[in-house]
Amino acid sequence: MAFQMHRFSETLARPEVVRPSRSSRTVQLYYRLYPDLRGRNRYICLVVKRGTSYSLILTAYLARKIKGD
């Protein structure tokens, strides 16, 4: 994911889908589709903890599909 960090801001600013986490009310999953990742369509998923005065990216990963679909 180190080579994809430039896409994090785009994913946060213009996500295609935002889903709540099943395990925590303060965590959301931000998804954006990129057609050129690993030669195929892949989503970048950012797992973000939302606080009252801050937000924090907990982790990021590539996904073939959106969770819950």
Side-chain angles (χ1 to χ4, degrees):
M1 290 304 294
F3 295 112
Q4 303 305 326
M5 288 186 69
H6 64 282
R7 296 182 182 194
F8 286 13
S9 60
E10 183 179 25
T11 301
L12 289 172
R14 293 188 310 273
E16 293 184 21
V17 176
V18 178
R19 293 276 168 96
S21 169
R22 293 180 184 164
S23 60
S24 174
R25 288 185 284 160
T26 61
V27 176
Q28 293 179 318
L29 286 72
Y30 288 72
Y31 289 92
R32 183 165 181 84
L33 183 65
Y34 291 94
D36 60 341
L37 290 175
R38 296 200 167 177
R40 299 182 179 153
N41 289 333
R42 299 275 191 226
Y43 290 93
I44 286 183
C45 178
L46 299 178
V47 181
V48 178
K49 181 173 184 171
R50 314 268 304 160
T52 56
S53 61
Y54 70 94
S55 293
L56 174 69
I57 297 174
L58 298 175
T59 192
Y61 60 90
L62 297 179
R64 292 184 187 166
K65 62 181 186 173
I66 296 170
K67 285 189 177 184
D69 282 350

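All residue numbers refer to positions in the sequence shown, counting from 1.
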| From Ser21 OG over to Lys49 NZ, what is the distance, rounded to the nearest 0.5 angstrom? | 11.0 Å

| Hey, does the side chain of Arg7 reach the backbone of Ile44 with a donor-acceptor pair shorter than 3.5 angstrom? | no

| task | Looking only at non-hydrogen atoms, find the nearest pair between Ser55 and Val48 and report the distance. | result | CB-CG1, 4.2 Å

| message | List the residues meeting salt bridge (Lys or Arg N to Asp or Glu O under 4.0 Å) with Arg50, not counting sequence neighbours, and say none if there are none. | response | none

| task | Compare all side-chain heavy atoms of Tyr34 with those of Thr11 and state whether any distance is below 4.5 angstrom. | result | yes

| Looking at residues at least two apart in the chain, or sitting in another chain, which of them share a side chain to side chain donor-acceptor pair (under 3.5 Å) with Thr52? | none

| What pair of heavy atoms forms the shortest contact from Tyr61 to Val47, and how long is it? | CE2-CG2, 3.9 Å

| query | Rounded to the nearest 0.5 Å, what separation is found between the CZ atom of Arg64 and the CZ atom of Arg42? | reply | 5.0 Å

| Tyr31 side chain to Arg19 main-chain N or O, any donor-acceptor pair under 3.5 Å? | no

| Contacts of Arg14 that satisfy side chain to side chain donor-acceptor pair (under 3.5 Å) - sequence neighbours left out | Glu10

| For Asn41 against Pro35, the heavy-atom pair lying closest together | OD1-CA, 3.1 Å

